[in-house]
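Numbers restart at 1 for each chain; the letters A, B, ... are given by sequence-line order, proteins then strands.
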Number of protein chains: 2
Amino acid sequence: MSGTSEKEQPRRRQARGERRIAQLLQAAAQVFCTTGYTAASTNAIAREAGVSPGTLYQFFPNKEAIAIELGDRLVHEMREAYGEALAPVDPGTPVEQAIGSAVDRFMAFNTEHPVFFALMHGPDIPGRMAEAHDQLHTTVTARIESLLASLMPGADPADVTRRAHVCLGVYKAGLELVLAHEGAERAAYIQEVKDVLVRYLEPLVGERPRHG
Amino acid sequence: MSGTSEKEQPRRRQARGERRIAQLLQAAAQVFCTTGYTAASTNAIAREAGVSPGTLYQFFPNKEAIAIELGDRLVHEMREAYGEALAPVDPGTPVEQAIGSAVDRFMAFNTEHPVFFALMHGPDIPGRMAEAHDQLHTTVTARIESLLASLMPGADPADVTRRAHVCLGVYKAGLELVLAHEGAERAAYIQEVKDVLVRYLEPLVGERPRHG
DNA sequence: GACAAACGCGAGTGGTCGCTCGCATTCTTG
DNA sequence: CAAGAATGCGAGCGACCACTCGCGTTTGTC
C-alpha cells in the first residue's frame, strides 16, 4: 500500500509564473518552428524568452515537457475550435462541400499555428511526444473513417481505413506545400488539395461499383 | 593566377580501402535509416561497420561527407535505373499507364533503398545535403512538369508547375504509407497512390477547359 | 513589517559527440 | 627484402547541451 499522497501538488504558482510559462511556450514555439525539436536548445528557448536557463527549469522539468505542454495546449485549442470539422455529414451533403469546409478549417488552424506541423511531423520527436502524436493521429483517422463511412456505406472497413490514411497523408503533403507559399499561391494550393481529395473520393460515393 | 595544382589527388586508394568505404556506407545507411541523420553518431556507424572511429575518418573528412557520398551514389543509381520513368509520353498514351509505370518504378527503388527517403525527407539534413535535395527536387519536378505538359498541352505554365509539386507531394505522402506496410497492404497502398494521381490528373487531360 | 514561498539568475557539472593524433600493421613497389 | 604509403586502432580533446545549485529578489500572507 503506497502512501495516500502519491501525487503532490507540484507547486503553487503566482500570476507572474503563469505569464512566464506562456512566454516560454511562445518562445519555444518560435524556436521549434525554425530549428525543429532536437536542434532547439533549451538555452536558445530561454534566450528567446529573455530569461535565464535556470528560470526555464523553474517551470519545466526538462526539454521534453516543454514540447508536451505546447502540444497539449495546441491539441486542446484545435479540439475546441475545429472539433466538429470532421463530424459525419448528412447523406445528402455533396462531397465537395464536406471536404472543402474540413480542409479550410484545418488549413486555417495549421497556418495560424505552424508549430503544430513542426512538432507532429519531424522524425526527431521524443518518446512521450510520439505517443501524443500517435494518439492524435488515431483520433483524426477514426474521425475521417466515420466521415468516409457515412459517405460510402457498406464498404469494406479495411478499405475505409486505408482510404482514411491516404486522405490524411494527402492533407499533410498539401499542408507542407501550403505552408511553403503565401498569398494567392497559397490559396491556389489549398484549392489543389481540395481537388485531389474530392476527385479521389468522388468515384466512391457515387454508388456505381468501382472495378478496382 | 593561382597554382595549377589546386586540387591535389586526395589519396591513392587500395582495394581494401574501397571495400571499407562500401562497408561504411552500408553501415551508415542502416544507422541513418533507423535513427535519422542528426541522431546517428559517427561512432555508431563505425561500430555498425565493425571498425574504429579513426578508420572511419580515414575515408571521410566528416559526418556530412558520409551522407553526401551515400546520397550521390543513390541518386546516380536511381538515374541509371529509372531515369526514363518520367520521360514524356506519346500523346495517345492513357494516363493510367503513364502514372502506373512511373509510380511502380519509383516505389520499387524507394522500397529497395529506404535510406533515400530517410535522407531526403528529414528536416535534420545538413547544409550541403539540403542543396543536393533541392537539386534533385528541382530535377524531378521539371520532369513531372514536362510529362504533365505533354499530357495537357496549352495549359498555364504556373498551373503545370503547381500540379507537378502536388503530384510529387502526393507521391511522397504515399511512399511514407507504403514503407509503413508490407505485403498485400503495401500493394494496396501503392494502388491507392496511383488512384489518387490518376483521378487528380484525369480531368485535366480531357481537353474540356477547367474553369479553375 | 516579518516570514515563507515563488521567482530569477548564470556559472558550473556531467555526459555525449564529432573529430584528432600517435603509433602499429598491412600492402605496394623497386 | 626494404622503404614508404595506405590502412587500422582507440584513448582522448574540445565543444556543445540538458540540466543543477546556491544565492539574491519579488510577492503573498498574517
Practice item. Indicate yes or no: does E69(A) engage R73(A) in a salt bridge with an N to O separation below 4.0 Å. Key: yes
Review point. Is E202(A) paired with R199(B) through a side-chain N to carboxylate O contact shorter than 4.0 Å?
Key: no
Please report, rounded to the nearest Å, how far the [atom2] atom of [N] is from the [atom1] atom of [X].
X: Q23(A); N: dC7(C); atom1: CD; atom2: P; answer: 13 Å
X: E48(B); N: dC17(C); atom1: CD; atom2: C1'; answer: 18 Å
X: Q58(B); N: dC23(C); atom1: CD; atom2: P; answer: 16 Å
X: L24(A); N: dG8(C); atom1: CG; atom2: C1'; answer: 12 Å
X: N43(B); N: dG15(C); atom1: CG; atom2: P; answer: 17 Å
X: F59(A); N: dT20(D); atom1: CZ; atom2: C1'; answer: 16 Å
X: I21(A); N: dC7(C); atom1: CD1; atom2: P; answer: 8 Å
X: R16(A); N: dT26(D); atom1: CZ; atom2: C1'; answer: 5 Å

Practice item. State whether Y37(B) and K63(B) meet the cation-pi test: NZ (Lys) or CZ (Arg) under 6.0 Å from the six-membered ring centroid, and within 45° of the perpendicular axis. Key: yes
Using a cut-off of less than 4.0 Å, is there contact between a side-chain N or O of [X] and OP1 or OP2 of [N]?
X: R20(A); N: dG8(C); result: yes
X: Y57(A); N: dC19(D); result: yes
X: S41(B); N: dC17(C); result: no
X: R12(B); N: dT28(C); result: no
X: T55(B); N: dT7(D); result: no

Exercise for review: Would you indicate what G17(A) reaches in the nucleic acid, counting non-hydrogen atoms under 4.0 angstrom: base, sugar-phosphate, or nothing?
Suggested key: sugar-phosphate
Check your understanding: How is A40(A) classified with respect to the nucleic acid when contacts are heavy atoms under 4.0 Å: base, sugar-phosphate, or nothing?
Key -> sugar-phosphate
Review point. Closer to the 5' end of DNA chain D via nearest nucleotide, is it E18(B) or P53(B)?
Key: E18(B)
Study note, to complete from the structure: Among dC19(C), dT28(C), dG28(D), the one nearest any side-chain atom of Q14(B) is dT28(C)
Point to revise | Nucleotide nearest V51(A) when distance is taken to its side chain, options dG10(D), dA6(C), dC9(C) | key: dC9(C)
Point to revise | E77(B) and H113(B) side chains, donor-acceptor separation under 3.5 Å | key: yes
Review point. What is the minimum heavy-atom distance between M107(A) and Y171(A), and which atoms define it?
Key: N-OH, 3.4 Å
